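In what follows, every heavy atom counts, from backbone to side chain, and hydrogens, waters and symmetry copies are set aside. Letters go in sequence order (proteins before strands), and every chain restarts at 1. Being a predicted model, the structure only gives us computed values, none of them experimental.
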Amino acid sequence: MNKGGNSRKRPPPPSSHQPSPALKHQATTPTPPPPSTEEDFVDEDVFFDETLMGEEDVESLILRDFEERQALASRLSKWARPPLSDAYISQSRSIVFQQLEIDYVIGESHKNLLPDSSCQAAIIRIFGVTGEGHSVCCLVHGFEPYFYISCPPGMGPDDISHFHQTLEGRMKEMNRNSKVPKFVRRIELVQKRSIMYYQQQKSQPFLKIVVALPTMVATCRGILDRGIQIDGLGMKSFITYESNVLFALRFMIDCNIVGGNWIEIPAGKYKKTAKNMSYCQLEFDCLYSDLISHAPEGEFSKMAPFRILSFDIECAGRKGHFPEPSQDPVIQVANLVTLQGEDQPFIRNVMTLKSCSPIVGVDVMSFDTEKEVLLAWREFIREVDPDIIIGYNICKFDLPYLIERAQTLGIAEFPILGRIRNSRVRVKDTTFSSRQYGTRESKEVTVEGRVQFDLLQAMQRDYKLSSYSLNSVSAHFLSEQKEDVHHSIISDLQNGNAETRRRLAVYCLKGIGEGILLWASNPSLVEVYLLSEDAYLPQRLLDKLMYVYNYVEMARVTGVPISFLLSRGQSIKVLSQLLRKSKQKNLVIPNVKQAGSEQGTFEGATVLEAKAGFYEKPIATLDFASLYPSIMMAYNLCYCTLVTPEDVRKLNLPPECVNRTPSGETFVKPELQKGILPEILEELLAARKRAKADLKEAKDPLEKAVLDGRQLALKVSANSVYGFTGATVGQLPCLEISSSVTSYGRQMIEHTKKLVEDKFTVLGGYEHNAEVIYGDTDSVMVQFGVSDVEAAMNLGREAAEHISGTFTKPIKLEFEKVYYPYLLISKKRYAGLFWTNPQKFDKMDTKGIETVRRDNCLLVKNLVTECLHKILIDRDIPGAVQYVKNTISDLLMNRMDLSLLVITKGLTKTGDDYEVKAAHVELAERMRKISVVVAFF
DNA sequence: TCTAACTCCTAC
DNA sequence: TTAGGTAGGAGTTAGA
């Protein structure tokens, strides 16, 4: 029952032939509209469902339904977007908006804009927000899908025409059912060059094959891959170029659009759509050639006032069961809407099943049936029209749950949550598998025109944490933790009274539901069950971690749509940059066949032998800055500078024009051909330098946030270029490049070690002989023999400067820090106090040891941390030994808090009990090993 | 009891 | 139709 519905005045009854009126955006009068729109049709369903409840109730149900919808409508309408000004309505001004999402649909091409074509075509849809906060759906016409093949030598215009006919015929065979009049629209002869290998000629003839619809690119590629009959040449198969570029990305690249940038369509160049297909305030058609894409700089680096919805649902699960949409009702939906750039939400509400006592500052909307709750939420989404939807685990839980629940309840009209009229949200199971992120099953929920940002996914990608429950993530980042609601009492609270449901609503809005963390011996089996999520904390996390800025900047730097950043891997970002740069240089990128595993793997970096020990003299650390990017720049390593072994023999290139890498590959120097990868890297690193300089100058916290997000994105982006070339199952692997990079790296670390030990000697006039005690990939740890930190720092700086001079620019060795004292256990395992100024140490730094690993129980972690503290900071080794002994003794005497033992092999938390399987024996064994570390001394 | 092959997680 | 890389320590498991 509506909280505001206590005035039960009857509206004029609707005429008997018309269904109950739809909820309109600006509901002011109760006059029912004609039953012609989709919304009215939808309401007819509602009418039918409820008639099943009993004939005599029908009229009162209609009336009540009508009245409540009116009340809801007036409640929701105050949250609508700002109304359009006259200039927009008269179409006398240009439309400038920040784009957040781009996709495409197949439709009739626009007759006025494209008078020549009258068939089905891809229509690009750009969704975004203007500076004033108006929502935009821009329908772009005239952009066609295409790809390239290299043109067989001697092919003239007639041959191309024949080839076109043959290809068209094969396409027809493959698509017998399709009514498309023409599959291959045209074939153009163009001058391009493949990005692969150094070539002396500037360009060669290529054929640009333009097809009718985006999906035909793959079909056509298949035909050309397998081979096609060509007059005079016989059966011939082709390598295709850029045939794997997603259509929307192709469009963005060709129009110079990067993720999240501003787009302008001048007045007169757009036409209001005849029949709105979206719920956006501004919807119009235009030609792709009329778009102006603004680079994200200056005034166009700002953010539009997006509407960000954070939501969370609560379900009444049966005792001991995880809620299932086929059985368990949705009892609450909590919502929070914030304008981008503001620190407080402008909407806070909660929709509850059954009555709920008021909550200060929150709009409580109560309903008698679950169906009303769901439909109210749908209306809310439509009215508020959020650009970004966030939440915790919404992609895998909340959104699919709502949709499946609506299916169970037979509410066919519920899943129209996107910006496209009549278009239902689709749920698809997906799996994402990579070495970096592991295999993760999720669900893909397409909400057209709105960006989804699941904070859980973002956390799992960006941070290594031992638990990803909202509770523990909040504790980690926000230093606040809310009281848990145990899952078993959710149903009790719901089944109580208005007051207990209020308690539940407060939890739903602000608190955190119970998260049961099951740690199995195999951490990949770890499952986090979050029975109730939360609407408030995701928004706080989003703000605290500056996710909007960081992700928009990442999209701008790499050029991919924002949605790719959470749904796709690293390599698409590099590919996007590579395609953009290649286009500028008139180069095209081949589709390499999946080479299988025969290419195998390549040798990586050198890890210097660790001279294990406890060092009580300062250890200076020298690091190469951005090692792999700088190697690629210094030696011009790229696809287009690599000389094939055959060409090395044939071309007879003078030795001063090429570099031969330690792994035996040959690359030409920039004078002959400047590499694209080095150029991308130079731009990224130069941009990062600028961003960091601007960051220093910036006063405004928002500007700072943008700049910091940018410099971070630029760094991450530069570092992933090398990985892209070595990804054998990627888009364009080139192990010649990656193995050359690592081979230079290996040479450099050895060279550095030798130089330090040769120069800093007593014979060379220094006080002591320097010794390199360890080094990994891009760093060397040096004991100069001096005993004070400042002296070690000075020698470190001197060494870095001296050694940098011996390398090709921009390779640079830097002095970074001193460890004092330093405990080196083995390769990749060490601890020490970290000094960047000689007055005081910055922190205790530990690498690779139990303290930083997530596969030990808390006891081990705490014990080792405590020992290291005693050894490094207190310098009390006997104390550390005693501490270990006491702990083992406590353990054996069964005096240990069992919760410290969770997460260890053989120990599982089941409910409130710990199942202890021979734990004491096992842990005593573990402790013995740790005491070995202490016995070091 | 030893070892090879595997898993897991980390360093870079 | 979608996925950055290798090195390496520590633990587990299977088999002899």
Counting only pairs under 3.5 Å, give me each side-chain donor-acceptor contact of residues 211-226 of chain A, with atom names and distances, residues two or more places apart or in other chains.
unit_1, atom_1, unit_2, atom_2, d
Thr219(A), OG1, Thr215(A), O, 3.3
Arg221(A), NH1, Ser243(A), O, 3.3

Response to the item:
Taking pairs as Watson-Crick (N1-N3 plus N6-O4 or O6-N4) or G-U wobble (N1-O2 and O6-N3), each distance under 3.5 Å, the stems of three or more consecutive pairs with DNA chain C are B:1-12 with C:5-16
When you compare the protein's N or O atoms with those of nucleotides 10-12 of chain B, which come within less than 3.5 Å of each other, and at what distance?
unit_1, atom_1, unit_2, atom_2, d
dT10(B), OP1, Val852(A), O, 3.2
dT10(B), OP1, Arg854(A), N, 3.2
dT10(B), OP1, Arg854(A), NE, 3.3
dT10(B), OP2, Arg854(A), NH2, 3.2
dA11(B), OP1, Gly848(A), N, 2.8
dA11(B), N3, Lys828(A), NZ, 3.0
dC12(B), OP1, Tyr830(A), OH, 2.8
dC12(B), OP2, Lys847(A), NZ, 3.2
dC12(B), O3', Asp776(A), O, 3.4
dC12(B), O3', Asp778(A), OD1, 2.1
dC12(B), O3', Asp778(A), OD2, 3.2

Worksheet entry | Options dT1(C), dA3(C), dG5(C), nucleotide nearest the side-chain atoms of Arg568(A) | dA3(C)
Under 3.5 Å, side-chain donor or acceptor atoms of residues 620-635 of chain A against the rest of the protein: list the pairs with distances, not counting sequence neighbours.
unit_1, atom_1, unit_2, atom_2, d
Ser630(A), OG, Ser626(A), O, 3.0
Ser630(A), OG, Leu627(A), O, 2.9

Worksheet item: Phe724(A) CZ to dT2(C) P: how many Å, rounded?
Response: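 Taking CZ of Phe724(A) and P of dT2(C), I get 15 Å after rounding.
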Worksheet item: Between atom CE in Met554(A) and atom C1' in dG4(C), what is the gap in whole Å?
Response: 13 Å
Worksheet entry | Non-neighbouring partners of Arg853(A) that pass side-chain contact (heavy atoms from CB on, under 4.5 Å), sequence neighbours left out |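 Listed in chain order: Asp855(A), Asn856(A).
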Discussion item. Taking salt bridge (Lys or Arg N to Asp or Glu O under 4.0 Å) as the definition, give me every residue that meets it alongside Asp778(A), ordered by chain and number, with sequence neighbours left out.
Written reply: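 Once residues adjacent in sequence are excluded, Asp778(A) has no partner under the salt bridge (Lys or Arg N to Asp or Glu O under 4.0 Å) criterion.
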Worksheet entry | Phosphate OP1/OP2 of dG9(C) contacted by Ser826(A) side-chain N/O (<4.0 Å) | no
Worksheet entry | Phosphate OP1/OP2 of dT6(C): any Thr601(A) side-chain N/O under 4.0 Å | yes
Worksheet item: Under 6.0 Å between the ring centres of Tyr104(A) and Phe251(A)?
Response: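 No, they do not, as the ring centres are separated by 6.0 Å or more.
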